[in-house]
Amino acid sequence: MYSLDDQEYGMVELMGNWKRTHMCGVLNLAHIGQEVTLMGWVHRRRDLGGLIFIDLRDRSGIVQVVFNKERCGEEVFQKAEAVRSEYVLAVKGAVVKRDPDTVNPKIPTGEIEVVASQLKILSVSNTPPFSLEDDINVSESVRLKYRYLDLRRAEMQRNIILRHRITKWVRDFLDSKGFYEIETPMLTRSTPEGARDYLVPSRLHPGKFYALPQSPQLFKQLLMLSGFDRYFQIARCFRDEDLRADRQPEFTQIDIEMSFVDVDDVIALNEEMLADIFKKALGIELSLPLPRLTYKEAMERYGTDKPDTRFGLELKDVTDLVRDCEFKVFSGAVASGGSVRAINAKGCAVKFSRREIDSLVDFVKNYGAKGLAWIAVEHDGLKSPITKFFTEQQLSSILQRLEAEPGDLLLFVADKDDVVFQALGQLRLELGRRLNLMDKSKYNLVWVTEFPLLEYDEEEKRFVAKHHPFTAPMDEDIQYLDTDPARVRSKAYDIVLNGVEIGGGSIRIHTTEMQEKMLNVLGFSKEKAWQRFGFLLEAFKYGAPPHGGIAYGLDRLVMMLAGRDTIRDVIAFPKMQNASDPLTDAPSEVEPKQLKEVHIRVDA
RNA sequence: GGCCCGGUAGUUCAGCUGGUUAGAACGCUAGCCUGUCACGCUAGAGGUCGAGGGUUCAAGUCCCUUCCGGGUCGCCA
């Protein structure tokens with residue numbers, strides 16, 4: 001790599017009165033004979049001596065520009081010789097048909113080229129640190145440091161443009177259904193429960209802080225109280241938690257709320273919207289209504305509340321068959337209130353070596369399982385370290401339950417339910433990956449409904465909201481709120497695409513009494529509840545309509561539709577795993593004066 | 001915070017049980033080249049091997065510490 005010098009800067013010319021007439025990628029046979037003025041970046045230059053080809057690129061695509069000494073003159077040709085990658089050029093020339101044997105079928109403009117007559121170098125460029133191709137193999141930190149270059153790549157431009165289209169379709173669809181787009185505050189109040197807040201110190205109120213919103217949840221509920229009836233917002237949200245491939249500290253929700261609806265109304269509207277998006281983005285006709293699973297069913301069959309339904313390998317419960325067996329790992333787990341469940345990995349007894357089976361054992365240990373028992377069903381009998389603990393009768397009923405056939409590998413986990421589900425759920429995905437069962441051309445959407453309202457938090461020694469504290473319980477379960485909170489199901493629902501949760505929502509509580517009760521179950525005294533959520537409890541006293549809604553992770557939705565495996569590829573300027581931005585070098589230290597103004601002392 | 005993988009040229013990587021002057025490809029520079037499109041040919045430049053310490057006659061290679069990147073678990077109502 002070399003750096004720009006004075007001589008190169010000296011080549012730069014002003015655009016003057018030149019006007020761009022066409023984008024590069026749109027030119028075709030219909031433009032033959034036209035004089036055009038193009039402006040764009042040098043994608044690649046091929047210098048054949050007396051003939052120079054330059055692939056000129058803008059967001060519409062690439063077109064080949066030819067510099068021929070006899071056609072453009074010595075002076076222009078010399079400029080073309082000095083051109084390098086990523087220089088910004090303005091070219092005047094004529095569109096001509098290419099000779100049949102020089103047509104390039106790989107690009108849309110391959111049947112024509114532009115014979116240059118004039119050239120202005122509008123900007124020079126350092127050698128880029130990586131090549132701006134689609135199939136680059138560069139570390140992500142380099143890409144992020146030079147994100148503006150990374151974003152020049154056609155692949156990234158497609159992602160960002162798709163994102164634009166999807167938000168536009170969503171706006172159009174919701175507008176057509178009578179929704180209003182309304183903005184809510186970014187500087188808001190920190191609330192307990194949920195993720196860690198990003199805090200903003202207040203200059204005017206020493207010692208006090210705003211929080212950036214984790215979602216517009218309470219504001220959209222208040223908008224329902226205000227009678228707007230149907231609201232949506234493409235809303236930026238902030239959560240100060242550790243990052244993942246599908247999690248960024250700031251992300252975007254398609255936030256929707258409706259009045260006078262119950263679960264089925266919200267689901268029906270959203271299915272229509274999803275069908276619209278899938279049709280436009282992928283040309284896929286969704287068949288409606290979409291399948292639904294209850295939370296319980298999802299957990300028992302897939303070991304997760306966001307099942308990838310593109311393949312089988314479902315979990316089977318064998319607890320009742322092994323309750324009294326001699327294998328203490330199984331019977332002990334049952335005795336202490338857990339379960340024993342299994343996956344039949346079809347055909348894997350022959351496909352997997354002993355070493356591969358051992359690696360599965362190690363795999364489940366990552367998820368809290370103490371081990372993974374297995375039985376290989378071979379043509380000449382069973383091979384397994386554990387069969388000796390079982391009677392013939394027990395073995396045959398297990399084989400029958402798992403529909404085992406010769407060649408199958410049976411994999412068992414015994415533990416508390418949540419460990420069993422997590423270990424086998426993850427094992428199922430791992431098997432799906434290893435056996436190549438995840439068909440990339442499939443888009444399996446499924447609703448998961450009837451989530452538990454609450455779950456017990458061992459650390460805090462209390463119940464916490466599974467969805468959020470404003471979610472309504474199912475009508476028929478309200479009676480258990482006091483007596484058996486763990487049993488209460490909620491009017492919450494998630495929409496899952498190929499094992500990725502792309503959205504979720506609920507019908508909300510809309511009475512002061514129920515909201516107080518909910519907060520009470522969560523451990524807030526009436527006094528504390530009013531202190532933290534008083535504005536909401538008060539608002540419910542002025543005529544609150546029944547209401548509910550949903551929020552999509554726009555980044556995840558776009559990621560899935562773009563076929564990417566990280567949301568960083570559909571966000572123009574994302575952050576790295578440590579939540580920093582290598583481009584701007586945020587976060588950064590600030591001047592002592594700034595700290596003083598907001599009454600902050602730093603002890604780090 | 002735990003675990004796993006990685007850090008060697010601008011980029012992506014190779015570099016065995018420690019042993020001469022650390023290599024390759026692409027990119028870059030220069031020259032030649034009028035139909036290329038991943039142009040070609042010839043020549044060349046480019047490295048504190050992430051950092052610090054240790055073992056050794058000798059460290060890219062072994063040990064310790066630390067920093068950085070990616071994944072993952074915890075976490076993410």
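Because only heavy atoms are used, hydrogens play no part in the values below, and waters and symmetry mates are left out as well, while side chains stay in. Chain A is the first sequence line, chain B the second, and so forth, proteins listed ahead of strands; every chain is numbered from 1.
Residues A:G50 and A:S131 each lie close to RNA chain B; by heavy-atom proximity, the contact nearer the 5' end of the strand is made by A:S131.
If you check every strand for non-hydrogen atoms under 4.0 Å, A:F130 touches nothing. Within the 4.0 angstrom heavy-atom criterion, no nucleotide atom of any strand lies near A:D240. Within 4.0 Å of A:S139, counting heavy atoms only, lie sugar-phosphate atoms of the nucleic acid but no base atom.
What separates CD of A:E81 from P of B:C33 is a distance of 10 Å, to the nearest Å. For the pair A:D47 CG and B:C33 P, the computed distance is 10 Å after rounding to whole Å. For the pair A:I52 CD1 and B:C39 P, the interatomic distance rounds to 14 Å; values are reported in whole Å. Put simply, CZ on A:F53 is 14 Å from P on B:G40, counting in whole angstrom units. Rounding to whole angstrom units, CG of residue A:L48 and P of B:C41 are separated by 13 Å. Rounded to whole angstrom, the span from the CG atom of A:N68 across to the P atom of B:C33 amounts to 15 Å. If you take NE2 of A:H43 and P of B:A38, they are 10 Å apart, rounded to a whole angstrom. Rounded to whole angstrom, the span from the CZ atom of A:R153 across to the C1' atom of B:U11 amounts to 13 Å.
B:U29 and B:G69 are spaced 31 Å apart, taking the P atom of each and rounding to whole Å. Here, B:G50 and B:U8 have their C1' atoms 10 Å apart, quoted to the whole Å. The same atom, C1', is picked in B:G1 and in B:G23; the two are 40 Å apart, to the nearest Å. Nucleotides B:U66 and B:C75 are separated by 26 Å at their C1' atoms, to the nearest Å. Taking atom P on both B:C5 and B:A45, the two are 39 Å apart, rounded to the nearest angstrom. As rounded to the nearest Å, B:G27 and B:U72 have P atoms that lie 33 Å from one another. Separation of the P atoms belonging to B:U36 and B:A43 is 24 Å when rounded to the nearest angstrom. The gap from the C1' atom of B:U61 to that of B:A22 amounts to 12 Å, rounded to the nearest Å.
Cation-pi geometry between A:R508 and A:F470 is not met: the NZ or CZ atom fails to fall both under 6.0 Å from the ring centre and inside 45° of the normal.
In this structure, the separation between CH2 on A:W447 and OH on A:Y493 is 7.5 Å, given to the nearest 0.5 Å. In this structure, CG in A:L360 is found 6.0 Å from CG in A:L431, a value given to the nearest 0.5 Å.
Nucleotide B:C76 has no partner under the Watson-Crick or G-U criteria, as no pair reaches both atom distances under 3.5 Å. Pair assignment for B:A25 gives B:U11, based on Watson-Crick or G-U wobble hydrogen-bonding distances that are each under 3.5 Å. The partner of B:C3 is B:G71, by the rule that a Watson-Crick or G-U pair needs both atom distances under 3.5 Å. With a 3.5 Å ceiling on both atom-pair distances, the Watson-Crick or G-U wobble partner of B:G40 is B:C32. In this structure, B:A59 makes no Watson-Crick or G-U wobble pair, since no nucleotide meets both defining distances under 3.5 angstrom. Pairing for B:G46 is absent, judged as Watson-Crick or G-U wobble with the two contacts each under 3.5 Å.
The aromatic rings of A:Y367 and A:F363 are tilted relative to each other, their planes meeting at an angle between 30° and 60°. In this pair, A:F463 and A:Y456 present their aromatic rings perpendicular. The plane angle is above 60°, beyond the 30 to 60° band. Note: A:F533 and A:F524 have perpendicular aromatic rings, judged against thresholds of 30 and 60 degrees for the angle between ring planes.
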Would you give a per-nucleotide map of nucleotides 70-77 of chain B, 5' to 3', where B means the base has a protein non-hydrogen atom under 4.0 Å away, S means only the sugar-phosphate does, and - means neither?
-> SBBBBBBB
Side-chain atoms of residues 103-115 of chain A: list all donor-acceptor pairs with protein atoms under 3.5 Å, sequence neighbours left out, distances to 0.1 Å.
unit_1: A:N104; atom_1: OD1; unit_2: A:K106; atom_2: N; d: 2.9
unit_1: A:T109; atom_1: OG1; unit_2: A:I62; atom_2: O; d: 2.6
unit_1: A:E113; atom_1: OE1; unit_2: A:Q64; atom_2: NE2; d: 2.9

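Out of B:C37, B:U36, B:U11, the shortest distance to the side chain of A:D55 is found at B:C37.
Phosphate contact (OP1/OP2 of B:U29, side-chain N/O of A:R84, threshold under 4.0 Å): present. For A:R46, no side-chain nitrogen or oxygen approaches OP1 or OP2 of B:U36 to under 4.0 Å. Residue A:R44 has a polar side-chain atom (N or O) positioned under 4.0 Å from OP1 or OP2 of B:C39.
Residues A:K145 and A:D150 are not paired through a salt bridge, judged by the lack of any N-O separation under 4.0 Å between the basic side chain and the carboxylate. Between A:R236 and A:E250 there is a salt bridge, since at least one side-chain N of the basic residue sits less than 4.0 Å from a carboxylate O of the acidic one.
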